[in-house]
Amino acid sequence: MDADVIVVGGGVIGTAIAWRAATAGRDTVLLDPGEAAEKASEVAAGMLAPVSESVFGEENLLALNLRALDRFPSFAEELEAAAGFHVGLRTEGTLNVALDSGDLAALRRMGEFRRGIGLPAEEVTGRECRRLEPFLASNVAGGLLAKGDLSVDNRRYTRTLRAAAARAGVREMTGRATAIDGGTVHTPERTITAATVVAAPGNGVTRLDGIPGPVRKAIRPVKGQILRVRHPGTIPPVATRTIRAMVVGREAYLVPREDGEIVIGATQEERADRDITVGAVHDLLGDARAVLPAVSELILAETSVGLRPGSTDNGPVVGREGEDLIIAAGHFRNGILLSAVTADAVTALLDGKDPAPEWAPFTPGRFQ
């Protein structure tokens with residue numbers, strides 16, 4: 001036997017699981033396909049915003065996301081202490097804004113829904129929005145302020161996770177898993193065995209023999225194109241917190257980083273290609289300028305695309321599938337947010353315990 005645990009997948013979910021397994025004293029191998037393009041976390045905005053993203057009909061997912069939000073700061077603190085790096089956690093909250101009366105009415109209805117289920121959603125006027133964010137467009141009609149939302153620099157977070165895992169003794173191997181058979185993982189180059197295999201390969205779960213067919217069919221790639229802009233040295237930061245808006249029916253968000261970058265996103269396309277399109281870049285920049293006109297003065301630093309691992313009900317898939325296989329997949333847009341509580345859940349399963357009750361609706365068995 002090569003290890004106690006093999007974690008298949010080198011994104012934030014797999015790396016967080018491997019780190020926690022190693023810190024619990026398990027000999028752990030992290031099997032990373034070695035392709036950054038396969039990792040949705042590399043092109044994420046890093047929003048930790050369950051309040052601002054809550055929608056009708058997803059109360060179970062909201063409960064899980066709220067648990068994740070509560071857990072994330074302490075997890076990040078442990079991670080920074082273990083790795084010696086800073087993850088770029090920001091606590092200023094999210095400002096949801098409306099640009100016209102129709103969007104404002106819809107935003108207020110959403111505020112009523114959120115307050116009705118016990119979430120904080122403070123209504124603010126257009127003037128108050130511009131006091132909070134002075135560079136907002138003059139036609140902002142009003143908004144909702146979610147003070148408890150967080151954000152994190154996705155790339156700093158990923159780097160910190162990898163460093164912490166290495167320091168904890170996680171052995172990283174490069175290779176694409178093709179099949180799982182009991183406690184055995186097959187790649188084109190090698191075969192590895194362990195007492196338990198954790199399958200956390202993102203969209204790769206759909207190509208992995210040994211994963212139950214209903215789970216493989218339930219996962220799909222959802223394309224997202226995203227931009228990064230940065231400030232020249234001549235102007236001050238144009239945003240201090242995450243800003244979200246609906247612009248001509250499209251959702252736009254701008255997420256500032258400590259280093260002066262702003263992440264602008266993101267498209268949501270039911271496609272699996274990795275092409276960056278002119279139309280998407282045009283729409284993202286146009287929507288960002290409509291909300292925050294000063295974006296025109298910033299430098300376009302990067303265009304990128306990722307494939308989020310979505311599921312048929314938008315919820316993650318975490319749980320045991322037999323004695324020697326644990327599945328952790330389908331985290332869609334919430335991979336970074338859910339990384340800490342997913343690692344906690346898998347650690348509990350490795351210990352023979354039940355995860356937190358918020359995980360009960362999200363087991364692999366729901367697709368059987």
Side-chain angles (χ1 to χ4, degrees), residues 11-12 15-16 19 36 39-53 68-97 129 131-136 145-164 224 226-245 252-266 284-285 288 291-304 306 333-340:
V12 291
T15 309
W19 174 50
K39 301 166 186 172
S41 52
E42 288 296 310
V43 293
M47 291 183 295
L48 313 176
V51 174
S52 295
E53 296 196 342
L69 182 70
D70 185 60
R71 172 71 171 109
F72 198 92
S74 61
F75 185 86
E77 186 176 350
E78 296 168 30
L79 185 60
E80 291 176 338
F85 294 127
H86 181 47
V87 301
L89 185 65
R90 298 185 65 127
T91 61
E92 294 88 348
T94 300
L95 180 61
N96 296 260
V97 300
C129 287
R131 179 179 56 79
L132 292 167
E133 295 293 338
F135 287 93
L136 280 172
L145 180 62
K147 293 181 179 179
D149 282 354
L150 309 174
S151 70
V152 69
D153 187 320
N154 60 309
R155 293 178 180 173
R156 289 189 185 189
Y157 182 61
T158 301
R159 181 186 69 175
T160 306
L161 271 174
R162 299 187 79 86
I226 202 165
L227 311 178
R228 287 172 177 261
V229 297
R230 60 180 174 85
H231 288 72
T234 56
I235 64 174
V238 299
T240 60
R241 57 176 53 76
T242 298
I243 300 170
R244 303 177 69 113
Y253 58 74
L254 300 95
V255 187
R257 299 283 193 246
E258 288 183 349
D259 62 4
E261 273 195 341
I262 295 179
V263 179
I264 300 172
L284 288 170
L285 287 176
V291 177
L292 204 67
V295 164
S296 298
E297 304 299 320
L298 305 187
I299 297 167
L300 181 59
E302 181 183 311
T303 60
S304 54
R333 297 188 303 176
N334 296 309
I336 293 177
L337 171 64
L338 291 173
S339 56

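Every heavy atom of this structure was used, including side-chain atoms; hydrogens, water molecules and symmetry mates were not. Source: prediction; values computed, not measured.
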In a check of side-chain contact (heavy atoms from CB on, under 4.5 Å) between Leu95 and each of Leu136, Thr242, Thr240, Leu254, which one passes? Leu136

Donor-acceptor under 3.5 Å ([X] side chain, [Y] main chain):
X      : Y      : result
His231 : Glu297 : no
Ser74  : Arg71  : yes
Arg230 : Glu302 : no

Pair Glu261-Arg228, salt bridge (charged side-chain N to carboxylate O under 4.0 Å, His left out): steps then yes or no: CA-CA 7 Å; Glu261 273 195 341; Arg228 287 172 177 261; 2.7 Å; yes

Count the heavy atoms belonging to other residues, nucleotides or ligands that lie under 6.0 Å from CD of Glu258, then report whether that count exceeds 12. yes

Quick one: closest heavy-atom pair of Ala44 and Ile226, and the distance? C-CD1, 4.1 Å

Check side chain to side chain donor-acceptor pair (under 3.5 Å) between Thr94 and all other residues, then give those that pass, not counting sequence neighbours. Asp149

Whether the Ser41 and Tyr157 side chains hold a donor-acceptor pair (N or O, under 3.5 Å, no angle test) is what I'd like checked. no

Min side-chain heavy-atom separation Asn334-Glu53 under 4.5 Å: yes

Side chain to side chain donor-acceptor pair (under 3.5 Å) between Asn154 and Arg159: does it pass, once the steps are laid out? CA-CA 9 Å; Asn154 60 309; Arg159 181 186 69 175; over 6 Å; no

For the pair Glu133 and Arg241, find out whether any cationic side-chain nitrogen is under 4.0 Å from an anionic carboxylate oxygen. yes

So Ser339 and Phe72, side chain to side chain contact (heavy atoms under 4.5 Å, CB included) or not? Walk me through it. CA-CA 8 Å; Ser339 56; Phe72 198 92; 4.1 Å; yes

d(Leu89 CG, Phe75 CZ) to nearest 0.5 Å is 12.5 Å

CH2/Trp19 to OG1/Thr160 distance, rounded to the nearest 0.5 angstrom? 10.0 Å

